[in-house]
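Single-structure report; data block below.
No hydrogens, no waters, no symmetry mates; every other heavy atom, side chains included, goes into these values. Residue indices begin at 1 and follow the sequence shown. These numbers were taken from a predicted model, which means no experiment stands behind them.
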Amino acid sequence: MRNWMIACFCAVALMMGQFNFVQAKGEEVVSLGADLNEKQQQQMLNLFGVKANEVKIIKVTNQEERDYLKGLVSEDKIGTRAISCAYVKPLPKGEGLMVETYNIGWVTKEMYANAMATAGVQDARVVAAAPFMVSGTAALTGIIKAFEEVSGKQLNEQAKKVANEELVTTGELGQDVGKDKAAALIKEVKERVIREKVKNPEDIKKIVLQIAKELNIELTEEQIDRIIALMEKISKLDIDINRITSQLENITQRLDNIRKTVEENKGLLQRVWEAITRFISWLQSVIERFRS
């Protein structure tokens with residue numbers, strides 16, 4: 001009887017330990033740039049709506065940021081100090097990614113969500129922020145580090161590197177074609193490459209050109225080659241298309257509106273062209289009557 005009670009007690013203790021472990025992994029995590037002063041750190045905590053003694057805080061160094069961004073982006077966008085911060089809170093399974101940004105000037109929340117999904121970040125509310133305006137490229141490092149802490153899951157190293165490349169590629173493309181269009185293009189190309197398991201560069205190029213045309217985006221050969229190179233790397237990752245689409249559901253509607261707007265504008269231009277054509281035709285007929 002005594003042995004049975006001891007066994008039950010151990011089982012209950014083990015279950016409680018597992019429960020506490022799960023609960024611990026469900027806490028909010030804040031990543032702070034290691035070079036922020038105390039006032040700036042408190043500013044970030046206030047922005048995130050948390051207190052230092054009630055949230056898990058981790059630090060991100062400039063070297064950690066450089067490990068992922070070196071060779072992908074210019075020095076001025078990496079900087080020499082770790083400034084970017086992130087807040088990560090896990091959401092119930094199936095909720096997807098919800099992203100907000102503050103003082104981020106170069107990267108949009110859609111770009112972050114796209115790259116986060118590639119890295120393997122799932123079901124989380126994320127806030128990327130800084131105490132003053134920054135480009136935002138380095139914030140992804142803090143987001144991923146915070147997610148790994150809050151989830152207790154180590155993400156694939158190659159996926160993290162490709163996610164950073166995706167963020168930079170989208171951001172630089174956005175400078176030329178517009179941020180929203182760039183995010184929509186990369187998202188749609190990526191999803192199709194994954195869904196159809198496309199790996200051949202020529203086949204990827206066809207997808208890029210087709211979707212670019214549908215979104216009314218003109219790409220240079222250099223931009224096309226860079227997107228193809230990115231998609232080749234993405235095609236080699238073990239990414240489930242269902243996971244990607246479900247995680248990006250919260251941003252899909254906004255990006256779909258880009259396509260809708262493009263189609264509406266095409267329809268408007270077509271109607272204007274038809275009106276001009278009819279006017280020219282009418283004018284020619286009038287001129288012909290006068291001549292006769």
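By the criterion of side-chain heavy atoms lying less than 4.5 angstrom apart, applied directly or through intervening Ile, Leu, Val, Met, Phe, Trp or Tyr residues, Ile241 is grouped together with Leu230 in one hydrophobic cluster.
Listed by chain and number, the residues in a ring-ring contact (aromatic ring centres under 6.0 Å, His included) with Tyr87 are Phe48 (sequence neighbours excluded). When the side-chain contact (heavy atoms from CB on, under 4.5 Å) test is applied to Glu249, no partner is found at least two apart in sequence or on another chain. For Glu191, the side chain to side chain donor-acceptor pair (under 3.5 Å) partners are Lys187, not counting sequence neighbours.
Pairs passing the ring pair (Phe, Tyr, Trp, His ring centres under 6.0 Å) check and including a residue from residues 156-183, sequence neighbours excluded, do not occur. Counting only residues at least two apart or on different chains, no ring pair (Phe, Tyr, Trp, His ring centres under 6.0 Å) pair has a member in residues 94-152. Listed by first and then second residue, the salt bridge (Lys or Arg N to Asp or Glu O under 4.0 Å) pairs that reach into residues 52-61 are Lys56-Glu149, sequence neighbours excluded.
In this structure, Glu157 pairs ionically with Lys160, as a charged nitrogen and a carboxylate oxygen lie closer than 4.0 Å.
Checking Glu214 against Gln210 by side-chain atom types alone, a donor-acceptor pair falls below 3.5 Å. For Asn114 and Glu110, the side-chain atoms include no donor-acceptor pair closer than 3.5 Å.
When the shell of 6.0 Å around CD of Glu218 is examined, it contains 12 or fewer heavy atoms from other residues, nucleotides or ligands.
In this structure the side chain of Val29 never reaches within 4.5 angstrom of the side chain of Val55, judged on heavy atoms. Val127 places none of its side-chain heavy atoms less than 4.5 Å from the side chain of Thr101. Contact check for Ile207 versus Met231: no side-chain heavy atoms found under the 4.5 Å cut-off. Two residues are said to be in side-chain contact when any heavy atoms from C-beta on lie closer than 4.5 Å; Ile57 and Leu45 meet this criterion. For the pair Gln43 and Pro131, the minimum side-chain heavy-atom distance is below 4.5 Å. For the pair Ile227/Leu219, a side-chain contact is recorded, criterion being any heavy-atom separation below 4.5 Å from C-beta on.
Across Asn242, Asp123, Asp240, a single residue satisfies side-chain hydrogen bond (donor to acceptor under 3.5 Å, both in side chains) together with Gln247, and that is Asp123.
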